[in-house]
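These numbers come from the heavy atoms of this one structure, side chains and all, not from hydrogens, waters or symmetry mates. Just so it is clear, the model here is predicted, and its values are computed rather than measured.
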Amino acid sequence: MLVLVAPGQGAQTPGFLTPWLDLPGVEDRLRAWSDAIDLDLVHYGTKADEEEIRDTAVAQPLLVASALLSARQLFATTDAVAAQVGATAGHSVGELAAAALAGTLTDETAMALVRRRGQAMAEAAAVTETGMAALLGGDEAVVLPHLEQLGLTAANVNGAGQIVAAGTAEQIAALVENKPEGTRRVVPLKVAGAFHTHHMAPAVSALESATAQLAVADPHTRYVSNKDGQPVSSGQELVRRLVGQVANPVRWDLCMETFKELGVTALIEAAPGGTLTGLAKRALPGVRTLALKTPDDLDAARTLIADTTSAAAAAGSAPAE
């Protein structure tokens with residue numbers, strides 16, 4: 001079974017979209033989305049520097065656009081996703097790309113919604129100086145109480161020995177100085193706020209208004225939610241979770257547990273891939289993984305899709321079962 005995943009904020013790097021614009025139709029689509037959401041995605045994906053694309057209001061639309069553009073090179077339509085993908089999921093903002101790939105949102109609706117999400121979260125982050133830091137290694141039973149003592153939230157529980165803490169700048173600084181016993185490193189992240197914490201409550205209200213009249217469909221492909229790692233079959237429930245997740249922890253560890261229970265054999269991460277495949281390599285041994293970094297990775301991805309589809313057919317089951 002193939003799982004298709006989309007990365008979250010922090011995966012972007014300067015110029016990462018440049019090679020993708022050489023593919024037929026990609027630049028036209030990116031410019032159309034840019035006009036629709038009033039944000040020059042071509043500029044930010046090719047010429048902007050690290051500081052410019054760190055801006056939440058820029059980074060989030062850029063990442064969803066990248067995930068959709070790269071995934072659509074492999075699965076041009078929602079029917080293609082339904083036929084060949086057993087489950088889809090996204091990390092944090094990547095959930096919006098996953099929702100589009102699963103058919104609940106159109107690509108255009110996902111881009112409009114992520115634009116509002118990025119703006120609302122940037123506005124919420126401006127109220128107090130906050131941030132996030134990744135803790136590498138360490139026992140969860142030790143790390144979580146330590147974070148609570150410092151007033152921090154475990155905003156991302158990513159599995160494979162990685163937890164991301166979020167809180168005020170002072171709390172993050174205290175964590176760097178006083179890391180939990182057994183933790184190898186504490187790495188401050190290039191994000192502009194304490195995402196997935198109570199600091200983002202104003203953004204939840206903004207997204208509730210933005211989605212109140214949204215036309216959605218039930219997902220045609222199994223969609224695994226960050227909230228609890230469980231599949232969601234209702235489009236309305238999926239969107240409700242997307243909104244609430246802004247101020248609640250991402251449980252990527254539980255998503256990967258569900259992938260395992262479903263019988264995942266292969267995982268492809270949309271561009272800019274790397275982070276989620278790295279976690280999968282440690283948490284899902286034996287699963288073939290592939291990160292879409294540049295168009296040069298597409299042929300290997302197509303081979304992996306074909307191998308997975310053939311194996312499913314030989315086993316006498318459809319890929320989505």
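By the 4.5 Å heavy-atom criterion applied to side chains, Val157 and Glu140 are counted as neighbours. The side-chain heavy atoms of Thr289 and Leu284, taken from C-beta on, include no pair separated by under 4.5 Å. At least one side-chain heavy atom of Pro7 sits less than 4.5 Å from a side-chain heavy atom of Glu269. Residues Leu101 and Thr221 fail the side-chain proximity criterion, which asks for heavy atoms closer than 4.5 Å. Contact check for Thr309 versus Leu2: no side-chain heavy atoms found under the 4.5 Å cut-off. Side-chain contact between Leu147 and Leu135 is present, with at least one heavy-atom pair separated by less than 4.5 Å. Using a 4.5 Å cut-off on side-chain heavy atoms (C-beta onward), Trp33 and Leu41 make contact. Side-chain atoms of Ile37 and Pro61, non-hydrogen and from C-beta on, do get closer than 4.5 Å to each other.
Atoms CD and CE, from Gln9 and Met132 in turn, are 8.5 Å apart once rounded to the nearest 0.5 Å. With values rounded to the nearest 0.5 angstrom, Gln60 atom CD is found 10.0 Å from Gln119 atom CD. Considering OG of Ser70 and CH2 of Trp20, their distance stands at 5.0 Å, rounded to 0.5 Å. Atom NZ in Lys281 sits 12.5 Å away from atom CZ in Arg288 (nearest 0.5 Å). Atoms CD and CD, on Glu95 and Gln245 in that order, are 5.5 Å from each other to the nearest 0.5 Å. Taken to the nearest 0.5 Å, the CD1 atom of Ile172 stands 12.5 Å off from the CD atom of Glu177.
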- Task: Go through the steps to decide whether Leu17 and Leu62 satisfy the test side chain to side chain contact (heavy atoms under 4.5 Å, CB included), and finish with yes or no.
- Result: CA-CA 9 Å; Leu17 273 182; Leu62 199 58; 3.8 Å; yes
- Task: For the pair Lys47 and Asp40, evaluate salt bridge (Lys or Arg N to Asp or Glu O under 4.0 Å) and give the outcome as yes or no after the intermediate values.
- Result: CA-CA 11 Å; Lys47 299 184 185 304; Asp40 190 347; over 6 Å; no
- Query: After noting the C-alpha distance and the side-chain angles of Thr88 and Phe75, does the key distance pass the side chain to side chain contact (heavy atoms under 4.5 Å, CB included) rule?
  - Reply: CA-CA 13 Å; Thr88 186; Phe75 310 99; over 6 Å; no
- Task: Check step by step if side chain to side chain contact (heavy atoms under 4.5 Å, CB included) holds for Leu214 and Leu105.
- Result: CA-CA 9 Å; Leu214 201 64; Leu105 305 176; 3.9 Å; yes
- Would you check, one step at a time, whether the test salt bridge (Lys or Arg N to Asp or Glu O under 4.0 Å) holds for Asp28 with Arg31? CA-CA 5 Å; Asp28 289 343; Arg31 290 194 182 282; over 6 Å; no
- Query: Does the pair Asp228 and Arg241 meet the rule for a side chain to side chain contact (heavy atoms under 4.5 Å, CB included), with working shown?
  - Reply: CA-CA 10 Å; Asp228 52 13; Arg241 287 177 173 234; 2.9 Å; yes
- Task: Please step through side chain to side chain donor-acceptor pair (under 3.5 Å) for the pair His196 and Ser92, ending with a clear verdict.
- Result: CA-CA 8 Å; His196 304 292; Ser92 187; 2.6 Å; yes
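Proximity of a side-chain donor or acceptor of Ser225 to a complementary backbone N or O of Pro231 within less than 3.5 Å is not detected. Judged by distance alone, the side chain of Thr13 and the main-chain N or O of Phe16 form no donor-acceptor pair under 3.5 Å. With Thr197 contributing its side chain and His199 its backbone, the two residues share a donor-acceptor pair below 3.5 Å. The closest donor-acceptor contact from the side chain of Thr294 to the backbone of Asp296 lies under 3.5 Å. Of the possible polar contacts, one joining the Asn226 side chain to the Gly90 backbone as a donor-acceptor pair under 3.5 Å is found. Counting only distance, with no hydrogens or angles, the side chain of His220 and the backbone of Ala102 share a donor-acceptor pair below 3.5 Å. For Thr104 (side chain) and Gly235 (main-chain N/O), no donor-acceptor pair under 3.5 Å exists by modelled atom type. One N or O on the side chain of His146 and one on the backbone of Asn178 form a donor-acceptor pair closer than 3.5 Å. Of the possible polar contacts, none joining the Thr46 side chain to the Gly15 backbone as a donor-acceptor pair under 3.5 Å is found. Listed for the Asp55 side chain is a donor-acceptor partner under 3.5 Å among the backbone atoms of Ala57.
When hydrophobic clusters are built by joining Ile, Leu, Val, Met, Phe, Trp and Tyr residues whose side-chain heavy atoms come closer than 4.5 Å, directly or via intermediates, Val164 is not grouped with Val143. Note on Leu136 and Val191: separate hydrophobic clusters, where clusters join Ile, Leu, Val, Met, Phe, Trp and Tyr whose side-chain heavy atoms are under 4.5 Å apart, directly or indirectly. Ile163 and Leu279 fall into different hydrophobic clusters, where Ile, Leu, Val, Met, Phe, Trp and Tyr are joined by side-chain heavy atoms under 4.5 Å apart, directly or via other members. No single ILVMFWY cluster, assembled from side-chain heavy atoms under 4.5 Å apart, contains both Phe195 and Leu144. Hydrophobic clustering keeps Leu254 apart from Tyr223 (ILVMFWY residues linked when any side-chain heavy atoms are closer than 4.5 Å, directly or through intermediates).
The neighbour count for Glu148 CD, taken as heavy atoms of other residues, nucleotides or ligands under 6.0 Å away, does not exceed 12. Within 6.0 Å of CD in Glu108 there are more than 12 heavy atoms belonging to other residues, nucleotides or ligands. Counting non-hydrogen atoms of neighbouring residues, nucleotides and ligands closer than 6.0 angstrom, the CZ atom of Arg185 reaches no more than 12 such neighbours. When the shell of 6.0 Å around CG of Asp38 is examined, it contains 12 or fewer heavy atoms from other residues, nucleotides or ligands. Within a 6.0 Å sphere centred on CZ of Arg54, other residues, nucleotides and ligands contribute more than 12 heavy atoms.
Taking each heavy atom of Ala100 and Leu68 in turn, the nearest pair found is CB-CD2, 3.8 Å. Taking all atoms of both residues into account, the shortest heavy-atom contact from Ala194 to Gly167 is CB-N, 3.6 Å. Annotation for Thr277 and Gly274: closest pair OG1-O, 3.0 Å, computed over non-hydrogen atoms. Counting all heavy atoms, side chain and backbone alike, Leu267 lies closest to Val287 at N-CG1, 4.1 Å. Scanning both residues, Ala59 and Gln12, for their nearest heavy atoms gives CB-NE2, 3.5 Å. In plain terms, the two heavy atoms of Ala125 and Ala192 that are nearest each other are CB-O, 3.3 Å.
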